[in-house]
Amino acid sequence: MGPSLTGYIAQLVAWSRDYDGFVSSLLLPEDARRSSLALRAFNVELAQVKDSVSQKTIGLMRMQFWKTTVEEIYRDDPPVQPVSAELWRAVKKHYLTKRWMLRIISEREKDLEDRAYRNLQELEAYSENTQSSLLYLLLESLGVKDVHADHAASHIGKAQGIVTCLRATPYHSSRRKVYLPMDICMLHRASQEDFIRGSREQNVRDVVYDIASQAHVHLQHARSFSKNIPASAFPAFLQTVVLEDYLQRVRRVDFDAFHPSLQKRNPLIPIQLYFRSWKKTY
């Protein structure tokens, strides 16, 4: 059951929305690799709820299932479900903190409201509670307990949440949904309709520029801690390669979030991730 279960988890992560996370997990030390895939699969399951349910009540029921599942995992009684079984194994192996898992679920549950972020701070808070919480768990699976690593994880998680929101803008716009912070849209007089019709006007680009700049600031803050962080923490932060790649590419197309080149995955990412893991930097 073990290897086939791990294979199922790996496929779930690789072929869903987290291909980059899958590749990053493969570069972790063997001891943490399986646990990282379990955590990413858990995150994927939660992230998919919003898009896969037509009614909010069904989404809330799914979230309640995961809340109950986490409680049962910590009581040593996980439900018979592939992701739960792997998560239980990770919790037992690394003494993972329950609070971070429950925080991810609660924040994803709030996100079922399906509305734009009122401001950038709201997007950052969402990113901290989801992406940064996942990074805290990854650090635990690497055996890292370090305040500087936690600070870096907080900023990288915020950058990741912001970049994810930008990257998904064309997809959401095609479904007549806009989640970008309203305060920045209002500042540049960009309406939701501008995004829904895929406008490439300067005011829309200015919105993207402001949001992308904030992600860049968080990456810089994260790197300011690098000299004080144990080398064993660096593999948890490989995702910075992917964030950097998007920010560079969106800058090259003058912050046109709808540019076709941004919809293609960079085939060099796995090589860049490998090189970064070899250099032990983030």
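Since the model is a prediction, treat every value here as computed from it, not as a measurement.
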Quick check against the 3.5 Å criterion: does R108 have a side-chain atom that pairs as donor or acceptor with the backbone of M63? no

Would you find more than 12 non-hydrogen atoms of other residues, nucleotides or ligands less than 6.0 Å from R189 atom CZ? no

In this structure, are over 12 heavy atoms from other groups packed under 6.0 Å from Q64 atom CD? yes

Please determine whether side-chain contact (heavy atoms from CB on, under 4.5 Å) holds for the pair Q121 and R118, giving the CA-CA distance in whole Å, both sets of side-chain angles, and the decisive distance to 0.1 Å. CA-CA 8 Å; Q121 290 73 26; R118 280 175 297 203; over 6 Å; no

With heavy-atom distances below 4.5 Å as the criterion, would you say the side chains of D76 and K92 are in contact? yes

Verify, without hydrogens or angle tests, whether S35 (side chain) and A90 (backbone) share a donor-acceptor contact under 3.5 angstrom. no

Specify the closest pair of heavy atoms between P181 and N119, including all atoms of both residues, with the distance to one decimal. CB-C, 3.6 Å

Working to the nearest 0.5 Å, report the span between CZ of R75 and CG of D77. 7.0 Å

Find out whether Q239 and L135 are in side-chain contact, i.e. whether some heavy atom of one side chain is under 4.5 Å from a heavy atom of the other. no

I need the minimum non-hydrogen distance between I104 and T130, along with the two atoms involved. CG1-O, 3.8 Å

May I ask whether L60 and L46 are part of the same hydrophobic cluster, defined by side-chain heavy atoms of I, L, V, M, F, W, Y residues being less than 4.5 angstrom apart, directly or through others? yes

Would you say the side-chain atoms of D256 pair up with the backbone N or O of R200, donor to acceptor, closer than 3.5 Å? no

With a 4.0 Å cut-off, would you call D114 and K56 a salt bridge? no

What verdict does the side-chain contact (heavy atoms from CB on, under 4.5 Å) test give for L39 and L96, after you've listed the backbone C-alpha separation in whole Å, the side-chain angles of each residue and the deciding distance to 0.1 Å? CA-CA 10 Å; L39 288 165; L96 301 177; 4.0 Å; yes

Does Y274 have more than 12 heavy atoms from other residues, nucleotides or ligands lying within 6.0 Å of its OH? no

Would you compute the distance between atom CD of Q131 and atom CD1 of I156 and round it to the nearest 0.5 angstrom? 11.5 Å

Gap between atom OH of Y282 and atom CZ of R223 - 0.5 Å precision: 8.0 Å

Check: M61 and V53 side chains under 4.5 Å, non-hydrogen atoms: no

Using a 4.5 Å cut-off on heavy atoms from C-beta on, say whether the side chain of Q81 contacts that of T69. no

Give the minimum heavy-atom separation between S25 and S36, together with the two atoms involved. OG-OG, 2.7 Å

For E72 against P79, the heavy-atom pair lying closest together: OE1-CD, 3.5 Å

Once rounded to the nearest 0.5 Å, what's the spacing between atom OG of S133 and atom CD1 of I105? 11.0 Å

Applying side chain to side chain donor-acceptor pair (under 3.5 Å) to N129 and not counting sequence neighbours gives R103, E107

Tracing side-chain contacts under 4.5 Å among Ile, Leu, Val, Met, Phe, Trp and Tyr outward from I271 reaches L268

Between D210 and Q214, do the side chains contain a donor N or O and an acceptor N or O under 3.5 Å apart? no

Mind checking whether M101 and I73 have side chains closer than 4.5 Å, heavy atoms only? no

Let me check something: any side-chain donor-acceptor pairs from residues 137-146 under 3.5 Å, sequence neighbours excluded? List them with distances.
| residue | atom | partner | partner atom | Å |
| --- | --- | --- | --- | --- |
| E140 | OE1 | T97 | N | 2.8 |
| E140 | OE1 | T97 | OG1 | 3.3 |
| E140 | OE2 | T97 | OG1 | 2.5 |
| S141 | OG | L138 | O | 2.7 |
| D146 | OD2 | H148 | N | 3.0 |
| D146 | OD2 | A149 | N | 2.8 |

Treating D194 as the side-chain partner and S191 as the backbone partner, does any N or O pair qualify as donor plus acceptor under 3.5 Å? yes

Take K67 and E109, measure what side-chain contact (heavy atoms from CB on, under 4.5 Å) needs, and give me the verdict at the end. CA-CA 10 Å; K67 280 182 191 169; E109 187 176 65; 2.9 Å; yes

ring-ring contact (aromatic ring centres under 6.0 Å, His included): which pairs involve residues 60-117, sequence neighbours left out? F42-W66, W100-Y136, Y117-Y126

dist R276:CZ -> T281:OG1 (nearest 0.5 Å) comes out at 5.0 Å

H259 side-chain N/O to S261 backbone N/O, donor-acceptor pair under 3.5 Å: yes

Using atom types as modelled and distance alone, determine if a side-chain donor or acceptor of T164 lies under 3.5 Å from a backbone N or O of Q160. yes

Name all pairs fulfilling the side-chain hydrogen bond (donor to acceptor under 3.5 Å, both in side chains) condition that reach into residues 225-238, sequence neighbours left out, sorted by first residue then second. none

Is there a side-chain contact between Y19 and P270, using heavy atoms and a 4.5 Å cut-off? yes

Tell me, with the steps shown, if W278 and L27 meet side-chain contact (heavy atoms from CB on, under 4.5 Å). CA-CA 9 Å; W278 178 72; L27 294 167; over 6 Å; no

Can R205 and Y209 be counted as having a side-chain donor-acceptor contact under 3.5 angstrom? no

CG-CZ distance between L243 and R167, expressed to the nearest 0.5 angstrom: 8.0 Å

Salt-bridge criterion met for R176 and E193 (N-O under 4.0 Å): yes

Do any side-chain atoms of residues 215-222 form donor-acceptor pairs under 3.5 angstrom with protein atoms, and if so which ones, sequence neighbours left out?
| residue | atom | partner | partner atom | Å |
| --- | --- | --- | --- | --- |
| H218 | ND1 | H155 | ND1 | 3.0 |
| H218 | NE2 | E124 | OE2 | 2.6 |

Over all atoms of both residues, closest heavy-atom pair of R40 and F22: CD-N, 4.4 Å

If hydrophobic clusters are built by linking Ile, Leu, Val, Met, Phe, Trp and Tyr wherever their side-chain heavy atoms come under 4.5 Å apart, do L166 and M182 end up in the same one? no

For the pair R62 (side chain) and V49 (backbone), establish whether a donor and an acceptor sit closer than 3.5 Å, ignoring hydrogens and angles. no

Can you name the closest pair of heavy atoms from Q192 and A116 and give their distance? NE2-CB, 4.0 Å

